[in-house]
Structure formats: structure tokens, C-alpha cells
Amino acid sequence: FKQKTAYEIRLSLVGSEMCIRDSLKHVVRKKTGAKSFGGLGASLGVHIRHELPTVSIFDVCCGPGNVPNYLSLILPDAKVSGLDSSDIFVAAANERFQALDWQFVCGDARDFQLHKKFDFITGSSAYHHIEDESKIDFLKHLALHLEVDGRILLCDNFLPLYQSDNERVEAVNQYYGLLKTYYRNGGGNSAAIAAISGSHERDLIKANEFKVSYSMFLDHVSAAGLCVEEKIAVWQPPELASMSAGSYVISLKKI
């Protein structure tokens, strides 16, 4: 399986940071009844930690389980489930984490039913691999599997604004041109640059790469009954900032 690039690792770790912060603030408030910001007050987190409930995580488009593996660096007691369309990846993930009793299943991210809900749903580079016409269904199915007070954490990439197919081609070229410059200036090695070049070609013809603008993403989020709670830019050159284009970790919650 392909190795994680430094860029992807940063995405995962920022997602971990968000997951920890949001989950612990919430469960500590419920556990202690505290009303102070963050819920800890004068208590010590190291003492409360062992009394906190286990966090359940569902990783969509999980591959061989890389994202929950990174999350386990800081959430070692998390209960994890995952879904991917590749039976090879699912088999590898189940074998990899069998001692932890994590469960990974094959399924279509656009239409699945696990008959359970989760505290957190994570998706690293999942949304932009879903065809445009299915993106709302994808988000709706995530929402169906989310606890009322749960959060969806997405690590994903967004193009500059565009209104037509021709403008999308320009947006794709601008996005990848800036990303390749970032990688060539020390953001990644030659293998990563080659991978980005391949993604560039596929995005131009919409072959397993279906990136959209952030404004289109917001429309899909709203149609799925969700809203953005927080977004953190991971990679965003100045040329993309005004359009909210680039790479983000985004926290979604139910409306």
C-alpha cells in the first residue's frame, strides 16, 4: 500500500487534534456537570481520563485503516469501524487491527447501512472521490450514522471558484499548479510530486477525482442537513484564500 506523505500525515494529525478537543470538552462537561469553558475547571485531566466513556469512530473510505491508526496515537481506547469499497483494503485492515477488535466492512460510501451511530465519523480525502451527483447522498448517509451530538471530521481539498466546465479546467490547473510548486519547494518528495501529477490528470477528466469549490461543498452540506462547525486550513497559498480553496480539516455537525 502506498506510503503516507508528510502532507497526508499532517492532515491526519490535525484531524486528531480536532477530534480530541471536541470529544473531551463534550464528555468532560457531561461527566462533571461543569459549565466552565472546556469543562475541566480545577480538575486534572489525567485523573478524569480513565472515567471517560469510550469514543466510537467510523472511518469512511478507510482503505487499510491509516486514519484511525493515527488517531489511536492519542485515543488508544477508541472503538473503530470502517467502510471501503475495496475488499483487499478491508481484508488488510481487519487483519492489521484484529487484536483491537476493530471492524472493517466492504460497502458503497454513497449507500450503506451499518445500523449503528457513532460519536465521530472521519473521512480523509473521501468526499472528493465521490461523483458530484452522489455527494449529497454520501453526506446524508454519514449524517444518518452520526450521534445527535456527534461530529463528522473531513480532511479534503477544494478548487478555486468556477461556474462552467471550462472554468473548472482552469480552476483545476490553478490548484494543482500551486500544489506542485509547494511540493517542489520542499513540501514533498519526488514520489509525492508524481502522485499529485497523476491526480491532476484524473481531475481534469473526472476519473476518480471529483474536486469541487468550497461554495459547492457548502451547498451539499446544507442539503444533507449538516453545517460547518469549524474549518482549519492545512494548505492554502494566498492566491486561494479569498475563495476558501486549498486543503482543510472540517468539522460538521447536524443542524
Side-chain angles (χ1 to χ4, degrees), residues 5 7-8 10-19 21-22 59-61 67 109-110 120-143 146 150-183 187-188 196 199-255:
T5 65
Y7 170 69
E8 289 172 310
R10 285 200 296 274
L11 283 178
S12 298
L13 290 179
V14 173
S16 301
E17 202 172 301
M18 289 181 64
C19 184
R21 181 187 62 225
D22 290 348
D59 188 34
V60 65
C61 301
V67 171
R110 301 165 298 182
F120 288 92
I121 297 176
T122 57
S124 179
S125 298
Y127 169 81
H128 78 254
H129 284 302
I130 304 295
E131 299 90 340
D132 292 355
E133 61 271 18
S134 299
K135 281 181 164 66
I136 294 174
D137 287 338
F138 167 70
L139 292 171
K140 282 182 176 179
H141 276 83
L142 297 190
L146 189 67
R151 296 294 185 272
I152 298 171
L153 301 173
L154 298 180
C155 302
D156 228 293
N157 323 113
F158 302 98
L159 299 174
L161 296 172
Y162 62 91
Q163 299 296 329
S164 66
D165 289 342
N166 288 337
E167 288 184 4
R168 184 183 185 276
V169 169
E170 294 176 6
V172 168
N173 287 333
Q174 182 185 11
Y175 173 90
Y176 282 99
L178 291 167
L179 186 57
K180 289 175 186 177
T181 297
Y182 165 74
Y183 270 46
I196 290 299
S199 296
H200 186 180
E201 294 174 4
R202 291 191 296 273
D203 235 333
L204 285 172
I205 60 174
K206 290 191 171 183
N208 199 38
E209 295 279 348
F210 308 95
K211 292 182 180 65
V212 297
S213 68
Y214 185 73
S215 64
M216 291 180 180
F217 168 72
L218 289 181
D219 289 341
H220 297 155
V221 166
S222 178
L226 299 164
C227 65
V228 173
E229 178 182 45
E230 186 172 2
K231 64 174 182 175
I232 299 174
V234 178
W235 172 78
Q236 187 178 63
E239 298 92 327
L240 301 182
S242 64
M243 297 176 282
S244 291
S247 299
Y248 285 93
V249 173
I250 297 173
S251 173
L252 304 177
K253 64 179 182 179
K254 290 184 177 180
I255 295 176

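FYI, the numbering just counts along the sequence from 1.
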Quick check for you: to the nearest 0.5 Å, what is the distance between D156 atom CG and K211 atom NZ? 8.0 Å
Between L179 and H200, does a side-chain contact (heavy atoms from CB on, under 4.5 Å) hold up when you go through it step by step? CA-CA 10 Å; L179 186 57; H200 186 180; over 6 Å; no
Ignoring hydrogens, what is the shortest heavy-atom contact between S213 and P160? Give both atom names and the distance. CB-O, 3.9 Å
Strictly below 4.0 Å, N to O, side chains only: are D132 and K135 in salt-bridge contact? yes
Going by atom types alone, do S251 and E229 pair a side-chain donor with an acceptor below 3.5 Å? yes
In this structure, which one of V60, V212, I250, V221 forms a side chain to side chain contact (heavy atoms under 4.5 Å, CB included) with Y127? V212
Would you say the side chain of L154 lies within less than 4.5 Å of the side chain of V249, judging by non-hydrogen atoms? no
Apply side-chain contact (heavy atoms from CB on, under 4.5 Å) to the pair M216 and F158, showing each step before the final yes or no. CA-CA 9 Å; M216 291 180 180; F158 302 98; over 6 Å; no
Any chance CD of Q163 has more than 12 other-residue heavy atoms, nucleotides or ligands included, within less than 6.0 Å? no
What pair of heavy atoms forms the shortest contact from R110 to S134, and how long is it? CD-CB, 3.4 Å
Distance (rounded to the nearest 0.5 Å) between H128 NE2 and C155 SG: 11.5 Å
Between Y175 and W235, what is the ring plane arrangement, given parallel below 30°, perpendicular above 60°, and tilted in between? perpendicular
K140: side chain to side chain donor-acceptor pair (under 3.5 Å) partners, not counting sequence neighbours: none
So, for L161 and A171, which heavy atoms are closest and what is the spacing to 0.1 Å? O-CB, 4.4 Å
I136 and D219: side-chain contact (heavy atoms from CB on, under 4.5 Å), yes or no, with the steps? CA-CA 9 Å; I136 294 174; D219 289 341; over 6 Å; no
Can you see which heavy atom on L142 is nearest to which on I121, and at what distance? O-CD1, 3.0 Å
Donor-acceptor contact present, side-chain D203 to main-chain V172, <3.5 Å: no
Test N166 against E170 for side-chain contact (heavy atoms from CB on, under 4.5 Å), laying out the working first. CA-CA 7 Å; N166 288 337; E170 294 176 6; 5.5 Å; no
Residues two or more places apart in sequence or in another chain: which of them pass salt bridge (Lys or Arg N to Asp or Glu O under 4.0 Å) with K254? none
For A224 and L139, work out which heavy atoms get closest and say how close. CB-CB, 3.6 Å
